[in-house]
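Have a look at the structure below before the remarks.
Nothing fancy with the numbering, it's 1 onward along the sequence. Both counts, for ligands and for their atoms, begin at 1 and track the order of listing. Side chains included, hydrogens not; waters and symmetry mates left out as well; all remaining heavy atoms used.
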Amino acid sequence: MEKEPSIHLSLEQVHQLSYRSLLACGCDQANARAVADTITAAERDCCHSHGLFRLSGYIASLKSGKVNGHADPQLEQLAPAVLRIHGDNGYAPLALQRGRDPLIGCARKQGIAALSIIHTHHFAALWMEVSALVEQGLCAFAFTAYMPCVAPAGGSKPFYGTNPMAFGWPRKGVPPMVFDQASAAMARGEIMLAQQAGLPVSEGVGLDLNGHPTTDPGAILEGAQLAFGGHKGAALALMIELLVGPLLGERCSFEAAEADNGDGGPSRGGELLLAIDPARFGDPDHWADHAERVFTRLLEQPGTRLPADRRYQGREQTRLHGIKISSTLFAKIHALAGITPGESFLHQ
Ligand code: NDP
């Protein structure tokens, strides 16, 4: 098969392309910048399934009017350690930016704090919001749900979202440990990328429309994904549905699907962030060194690494070599946004 030509971009060009496209399709500057920051961070860390690849979905949901490109998220305090951001039906990144400092302040004061984010459309990786908290010396968790893709244990039809969860731990002098994983065996974006590349996926990733196991990504996208680890991953997917649906007063995955207009962009939903100040728990003087001993002992085993290390290596590769995207994707983004390639790299 002939290899598709690719285009080299700097991170600044990735940002400009995203920002210009979003502005052209109905975002105001604050929302366009927040989403462009998110797309650029994903490309920087070589998480391409949440980078420019997502721009067509963002554009579709702006054009259909599902998402408010002028959203003005508002913060309120529900209890001493419980904050809430109403996202004004916009994308999650601006709501997350506005909630970050109040959540950090609240966690430092109370020892532990929660941020409920409602009426937003989340289309990105969770490690970004977790990292922003962990880089301030806090431990953090994040949970969100998406439209039904994953069959419940024993079932064969989509019910749970791919429902990701992330956890981060701060470290002295080195980047934090952060894991971020879907409760599906494989992220949906990765299955879509495999389909585009004409490659099979591993066994255990999903079922076809008739409920039979398959490695064909197209058949899985039509059928159902499976949770990782069988019933155990499915239980985590259920936990996330309850945390971001009934707990926050937002839509669960099946409710989001029923309300969605099917434009291919992110559905409306909620996100729960939890932040913990380790200095306010039982071992304020030693927790960091104690954790380092855990990491050191773990890494003594050959073949091990810490979660997020692949991203940090990817970040270094990007610094050295920039980003490569397919010329098809590059052209598609420009066509969808109705801008010429030169325009997308113009500075404001
Ligand atoms: P992966 O299975 O690729 O990785 C999961 C985690 O495990 C990562 O933190 C990864 O770190 C770590 N890891 C992988 N291999 C090892 C190893 N050998 N040793 C130690 N740690 C390891 O992730 P998923 O495909 O499940 O990720 C899905 C992504 O999609 C997430 O970013 C999630 O937030 C996002 N998502 C977003 C949704 C939304 O609605 N917004 C819905 C569903 C998913 P590393 O990164 O360093 O490899």
Side-chain angles (χ1 to χ4, degrees), residues 35 38-39 41-51 53-54 57-58 61 67 87 91-93 95-96 117 120-131 134 140-150 158 160-169 174-194 201-202 204-206 217 225-229 233 236-237 240-241 243-245 250-253 256-257 260 264-273 294-295 298-299 301-317:
V35 174
T38 299
I39 289 174
E43 291 290 349
R44 179 201 63 194
D45 283 12
C46 296
C47 295
H48 302 300
S49 60
H50 288 92
F53 173 68
R54 296 270 158 172
Y58 282 114
S61 51
V67 174
Y91 295 119
L96 284 161
I117 301 164
T120 54
H121 297 254
H122 202 297
F123 212 31
L126 293 183
W127 54 259
M128 296 186 207
E129 43 263 45
V130 163
S131 300
V134 176
F141 296 85
F143 308 94
T144 193
Y146 196 58
M147 291 204 284
C149 307
V150 175
Y160 301 126
T162 44
N163 296 7
M165 65 206 89
F167 170 72
W169 184 273
V174 284
M177 190 291 295
V178 179
F179 76 71
D180 175 15
Q181 58 195 39
S183 36
M186 190 173 190
R188 196 163 185 85
E190 297 291 342
I191 299 176
M192 290 157 83
L193 285 177
V201 296
S202 307
V205 168
Q225 290 178 241
L226 289 171
F228 73 83
L236 291 172
I240 294 169
E241 294 286 340
L243 288 179
V244 304
E250 249 294 357
R251 293 170 179 162
C252 293
S253 297
D260 194 70
S267 56
R268 200 195 89 190
E271 178 174 7
L272 177 66
L273 286 180
V294 175
F295 297 138
L298 184 161
L299 292 168
Q301 290 200 27
T304 59
R305 69 169 173 90
L306 293 182
D309 284 356
R310 178 196 58 81
R311 279 197 297 107
Y312 299 143
Q313 282 174 10
R315 196 176 292 184
E316 179 59 11
Q317 288 304 308

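With respect to N163, the side chain to side chain contact (heavy atoms under 4.5 Å, CB included) criterion is satisfied by exactly one of T144, I240, L236: I240.
In this structure, atom 3 (O) of ligand 1 has its sub-4.0 angstrom surroundings free of protein heavy atoms. For atom 35 (C) of ligand 1, the nearest protein heavy atom is under 4.0 Å away.
Atoms of ligand 1 found under 4.0 Å from any heavy atom of A308 (numbered from 1 in listed order, with element): 11 (O), 45 (P), 47 (O). Of all atoms in ligand 1, numbered sequentially from 1 with element shown, those under 4.0 Å from a heavy atom of F179 are 9 (O). Atom numbering of ligand 1 starts at 1 in the shown order; those under 4.0 Å from a heavy atom of Y146 are 40 (O). Listed by number with element, the atoms of ligand 1 under 4.0 angstrom from any heavy atom of D309 are 47 (O). Close contacts of ligand 1 with A187, meaning ligand atoms under 4.0 Å from a residue heavy atom, involve 25 (O), 28 (C). Set against the non-hydrogen atoms of R310, the atoms of ligand 1 under 4.0 Å away are 45 (P), 46 (O), 47 (O), 48 (O). Set against the non-hydrogen atoms of T162, the atoms of ligand 1 under 4.0 Å away are 42 (C), 43 (C). Each of the following atoms of ligand 1 lies closer than 4.0 Å to a heavy atom of A124: 37 (C), 38 (C), 39 (C), 41 (N).
Checking only distances, A182 does come within under 3.5 Å of ligand 1, N or O to N or O. Polar contact with ligand 1: absent for A125 (N/O pair, distance under 3.5 Å). Distances between N or O atoms of T144 and those of ligand 1 include no value under 3.5 Å. For ligand 1, the polar-atom distance check against Q181 finds no nitrogen or oxygen pair separated by under 3.5 Å. Residue contacts with ligand 1: N163 is placed with no nitrogen or oxygen under 3.5 Å of a nitrogen or oxygen of the ligand (distance criterion only). Backbone and side-chain nitrogen or oxygen atoms of E190 are examined, and none is located within less than 3.5 angstrom of a nitrogen or oxygen of ligand 1. The shortest N or O to N or O distance between P164 and ligand 1 is not below 3.5 Å. By the 3.5 Å distance cut-off applied to N or O atoms, M186 is not counted among the residues near ligand 1.
Looking at E190 and H48, their side chains never bring a donor and an acceptor atom within 3.5 Å of each other. For the residue pair E271/T120, the side-chain donor-acceptor check at 3.5 Å is not satisfied.
Formation of a donor-acceptor pair under 3.5 Å by the E241 side chain with backbone atoms of Y160 is not found in this model.
Considering only residues two or more places apart in sequence or on other chains, F53 meets the ring pair (Phe, Tyr, Trp, His ring centres under 6.0 Å) condition with none of them. Every residue two or more places apart in sequence or in another chain that forms a ring pair (Phe, Tyr, Trp, His ring centres under 6.0 Å) with Y91 is listed here: Y58.
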